[in-house]
Participant: 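Below are the structure tokens for one structure; questions will follow.
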Amino acid sequence: MPSSDLKVEHLEPAAVHLDDWRQILRLAKTHSTTLGFLPDSAFADRLRKRTLIAARLGGSVVGYCLYDLPKAGHIKLVHVCVAAEARGLGAGKALIDAAIGRNPGATGVLAYCRRDYEGLDRFWESAGLAPRGEKAGRAVRGSILCAWWRPLGALDLLEEAAMGAGLPLVSYDTNVVSDLYASASVIRPDRESSLGLLAGWLQAAIVPVVSPRVDVELNAISDRAERELQRERSQELTRLRSTRADDDTLLKRLLGKIGDAALRDDESLRNDFCHLADAITAGASFLVTNDENFIRAATSVLSHADGVRVVRPHEIVAEMLGRLDLPTFRSRLIESLDLEWSPAADWPLDELASKFVTHERHERASALIRRMRSAISQHPTTTRVLSDPSGRLFALVAEARNGHVLEVSILRGARGELSTTIALQLARHLRSVARQNGLTTVEVTDDQRGPVVDAALVEDGYVGAKPPRATVVDDRVAAAEYDVPVVDGEPDLRVVRNLEHRLWPLVLLDLNVPTYVIPIQPGFAELLFGIDRGALWSDRKRGLGLSREHVYYSGSGRPVPEQGSRILWYVTSDGGGTVRKVMAYSRTLSVARMTATAAHQANAHVGVFTLRHVEGAASRDGMVSVVRFEDTEILEHPVGGHELEELMRIHSVRHPIMSIRRVEPQFFDSILRRKQLGVR
């Protein structure tokens with residue numbers, strides 16, 4: 001507030017005192033180095049136009065202001081001068097306020113000031129002006145003039161459109177603005193996280209705004225090219241109209257709550273709270289920052305009545321995503337009875353970091369947290385956590401579509417006895433996501449993934465190291481374009497297995513691969529394939545469980561599927577209902593016949609059946625056939641009813657199917673090709 005003894009008034013040509021006139025000219029000459037030279041006639045001209053203002057203290061002129069009124073409608077400040085002994089009393093701002101008060105229809109206030117005049121930035125900001133651009137000055141040594149601007153009057157069309165859009169106002173602080181608009185050569189640790197704010201769907205859901213304080217801080221960038229680049233690029237953000245110059249009560253209240261000690265420890269908090277005060281005054285819903293200290297300080301002083309939340313970029317992305325009904329990148333696997341995917345934003349990031357940090361790579365938890373924030377910010381729907389109903393964490397994955405490539409920036413599995421199984425399942429899961437979304441390649445760009453994940457990727461056919469890459473065939477049903485050796489009319493089953501395993505979901509047809517139909521009751525299918533009974537009748541999301549390798553027991557003494565053969569799973573009926581559909585197919589790994597007890601002991605680590613189940617499947621002599629199988633694929637559209645009957649008739653498969661039965665390989669081909677055959 002200006003001193004109560006300070007008097008500010010426009011000078012009238014007919015009433016100006018000679019002594020006042022002389023004091024004004026003396027002030028101008030004393031400070032000409034800073035102000036720039038103006039002849040006496042320039043002062044006389046402004047006096048004649050009534051745009052010369054004097055500030056008096058105790059009868060002496062201690063300051064003056066010269067301004068012009070261009071046709072553009074704004075006030076252009078030519079000189080604002082205050083004697084050294086009168087500074088700190090509010091005279092400079094009072095002079096500018098007097099010019100504004102005399103011209104209520106002005107659209108704004110403009111002033112040009114040399115950048116090399118230290119300390120003047122604080123003055124212009126205290127008067128409500130902010131830097132908007134710069135130009136070359138007249139000095140011989142090449143001075144640079146900064147344009148300071150304060151809008152006045154009604155909102156312009158762009159401001160009105162933004163502020164009246166009915167969308168949440170989301171204010172960005174300067175570190176976020178620089179993350180978004182700095183040149184690529186500038187190192188910005190949180191840039192990737194902030195870039196998620198540029199997502200098209202988010203831009204349509206919010207109004208991004210900034211405090212004028214952003215322009216003041218950008219103006220402090222020493223490199224002119226970088227300063228101008230960030231200033232120009234950030235002009236797409238709506239500038240709020242700050243009221244701090246006229247009423248700093250709110251700012252003082254906020255700073256008072258955090259205390260002098262906190263301000264001494266972190267001087268930047270004063271600037272941060274300018275952003276916050278402007279956001280509150282404008283009615284913003286969020287202020288977005290990457291400054292951890294500012295977040296802690298602001299959270300400690302804000303109340304519900306302030307109406308604004310201070311959040312990180314990934315948090316506003318997750319918040320707004322939850323308010324919208326957006327199409328998401330589809331993923332249908334590993335969503336079983338006990339496991340489900342949920343957004344990583346729903347979990348405490350420090351908890352996720354503790355669980356999934358890669359100690360073998362000497363990764364810091366803080367580095368993983370930063371990567372998660374970036375992933376959530378840019379790809380909130382595909383940065384997910386796999387957990388069970390008790391909250392136990394199994395996997396952390398961040399995926400993104402880039403052209404025809406599924407890029408995986410984070411791929412982590414939980415440590416412990418299940419780590420290898422989880423990693424193998426995740427490797428296959430990524431292929432499935434790519435297939436479901438019409439992509440041709442999976443690239444794992446997570447350079448901090450652990451050795452268990454690395455081994456799983458190699459096992460699943462990913463090639464290369466930087467990054468590991470898997471090819472996903474366009475069609476999961478492929479024919480003879482692959483060169484498979486044939487001996488005595490039968491394909492080399494090891495070659496078939498390696499091709500299909502490495503290029504999953506490739507399935508080679510038109511080959512004489514031994515094929516078997518295995519009947520299975522719905523209750524056992526529920527256990528074996530990790531899907532509930534509802535999924536046996538409907539097209540619900542199906543899970544794959546935790547293991548791609550399973551075991552099945554049969555008491556039948558009939559021929560059993562040899563290694564490398566095809567299995568078609570025919571779900572029959574039990575006390576819970578009737579299905580009678582071919583639901584899935586697999587590939588045989590091995591076959592053995594042994595006692596029920598020995599079979600369970602040897603295979604319990606991959607099986608889902610209890611000893612009681614195995615004993616129930618045994619023949620009268622207590623023996624069971626143990627069928628180990630892999631790469632089970634549940635059919636998207638199970639085959640049953642008249643459709644199955646017709647295919648069985650064509651390929652001479654007799655009813656009913658009560659036990660393991662070998663069938664023509666062409667029956668398997670037709671099941672997978674049934675749409676091509678026109679069988680419905």
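What you see is a predicted model, and the numbers here were worked out from it, not measured in a lab.
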Participant: Flag yes if more than 12 heavy atoms outside H359 fall under 6.0 Å of its NE2 atom; otherwise flag no.
Facilitator: yes
Participant: What residues form a ring-ring contact (aromatic ring centres under 6.0 Å, His included) with F356, not counting sequence neighbours?
Facilitator: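 In terms of ring-ring contact (aromatic ring centres under 6.0 Å, His included), with neighbours along the sequence ignored, F356 is linked to no residue.
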Participant: Are the side chains of N437 and L406 in contact, using a 4.5 Å heavy-atom criterion?
Facilitator: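 Sidechains of N437 and L406: no contact.
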Participant: Listed by chain and number, what are the side chain to side chain contact (heavy atoms under 4.5 Å, CB included) partners of H655, not counting sequence neighbours?
Facilitator: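 Scan of H655 (side chain to side chain contact (heavy atoms under 4.5 Å, CB included), adjacent residues dropped) gives E645, M648.
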Participant: In chain order, what residues pass the side-chain hydrogen bond (donor to acceptor under 3.5 Å, both in side chains) check against R188, with sequence neighbours excluded?
Facilitator: D179
Participant: Are V627 and Y516 packed together at the side-chain level, in the sense that at least one heavy-atom pair is separated by less than 4.5 angstrom?
Facilitator: no
Participant: What residues form a side chain to side chain contact (heavy atoms under 4.5 Å, CB included) with L589, not counting sequence neighbours?
Facilitator: E549, R628, E630
Participant: Check whether any side-chain heavy atom of L368 lies under 4.5 Å from a side-chain heavy atom of L352, and answer yes or no.
Facilitator: no
Participant: Using the side-chain hydrogen bond (donor to acceptor under 3.5 Å, both in side chains) criterion, which residues pair with D346? Sequence neighbours excluded.
Facilitator: none
Participant: Yes or no on side chain to side chain contact (heavy atoms under 4.5 Å, CB included) for R673 and D510, after CA distance, side-chain angles and deciding distance?
Facilitator: CA-CA 11 Å; R673 278 183 170 149; D510 301 323; 2.7 Å; yes
Participant: Tell me, please, which residues at least two apart from N498 pass side chain to side chain contact (heavy atoms under 4.5 Å, CB included).
Facilitator: none
Participant: For residues L424 and E459, determine if any side-chain heavy atom of one lies less than 4.5 Å from a side-chain heavy atom of the other.
Facilitator: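 Yes - at least one pair of side-chain heavy atoms lies under 4.5 Å apart.
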Participant: Should R428 and S432 count as side-chain neighbours, where that means a heavy-atom distance under 4.5 Å?
Facilitator: no
Participant: State which residues pass side-chain hydrogen bond (donor to acceptor under 3.5 Å, both in side chains) with E192; sequence neighbours excluded, sorted by chain then number.
Facilitator: Q378
Participant: Please work out whether the ring planes of F629 and W569 are parallel, tilted or perpendicular, with thresholds of 30° and 60°.
Facilitator: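 Geometry flag for W569 against F629: tilted rings.
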Participant: Closer than 4.0 angstrom, basic N to acidic O: yes or no for E315 and R309?
Facilitator: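 Looking at R309 together with E315, the answer is no, because their closest N to O distance does not fall below 4.0 Å.
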Participant: Residues two or more places apart in sequence or in another chain: which of them pass salt bridge (charged side-chain N to carboxylate O under 4.0 Å, His left out) with E443?
Facilitator: R469
Participant: Does E615 pair with R612 as a salt bridge, N-O distance under 4.0 Å?
Facilitator: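 Looking at R612 together with E615, the answer is no, because their closest N to O distance does not fall below 4.0 Å.
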Participant: Donor-acceptor pairs under 3.5 angstrom involving side-chain atoms of residues 444-454: please list them, not counting sequence neighbours.
Facilitator:
{"residue": "T445", "atom": "OG1", "partner": "V408", "partner atom": "O", "Å": "3.2"}
{"residue": "D446", "atom": "OD1", "partner": "R371", "partner atom": "NH1", "Å": "3.4"}
{"residue": "D446", "atom": "OD1", "partner": "R371", "partner atom": "NH2", "Å": "3.3"}
{"residue": "D446", "atom": "OD1", "partner": "R412", "partner atom": "NH2", "Å": "3.3"}
{"residue": "D446", "atom": "OD1", "partner": "Q448", "partner atom": "N", "Å": "3.0"}
{"residue": "D446", "atom": "OD1", "partner": "R449", "partner atom": "N", "Å": "3.4"}
{"residue": "D446", "atom": "OD2", "partner": "L411", "partner atom": "N", "Å": "2.9"}
{"residue": "D446", "atom": "OD2", "partner": "R412", "partner atom": "NE", "Å": "2.8"}
{"residue": "D446", "atom": "OD2", "partner": "R412", "partner atom": "NH2", "Å": "3.4"}
{"residue": "D447", "atom": "OD1", "partner": "R371", "partner atom": "NH1", "Å": "3.3"}
{"residue": "R449", "atom": "NE", "partner": "D454", "partner atom": "OD1", "Å": "2.5"}
{"residue": "R449", "atom": "NH1", "partner": "D446", "partner atom": "O", "Å": "2.6"}
{"residue": "R449", "atom": "NH2", "partner": "D454", "partner atom": "OD1", "Å": "3.4"}
{"residue": "R449", "atom": "NH2", "partner": "A465", "partner atom": "O", "Å": "3.2"}
{"residue": "D454", "atom": "OD2", "partner": "R361", "partner atom": "NH2", "Å": "2.9"}

Participant: What residues, two or more places apart in sequence or in another chain, satisfy ring-ring contact (aromatic ring centres under 6.0 Å, His included) together with Y570?
Facilitator: none
Participant: Can a donor-acceptor pair be found, under 3.5 Å and without considering hydrogens, that links the side chain of E562 to the backbone of V591?
Facilitator: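 No: the side chain of E562 does not pair with the backbone of V591.
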Participant: With sequence neighbours excluded, tell me which residues meet side-chain hydrogen bond (donor to acceptor under 3.5 Å, both in side chains) with Q203.
Facilitator: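 Expected list: none.
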Participant: Mind running side chain to side chain contact (heavy atoms under 4.5 Å, CB included) on S619 and R593 for me, showing each step along the way?
Facilitator: CA-CA 11 Å; S619 60; R593 191 161 180 85; 3.4 Å; yes
Participant: In sequence, state the C-alpha distance, the side-chain angles, and the governing distance for T597 and Q601, and then conclude on side-chain hydrogen bond (donor to acceptor under 3.5 Å, both in side chains).
Facilitator: CA-CA 6 Å; T597 301; Q601 289 176 344; over 6 Å; no
Participant: So, using side chain to side chain contact (heavy atoms under 4.5 Å, CB included) as the criterion, who are the partners of A470 when residues are at least two apart?
Facilitator: R431, V442, Y462
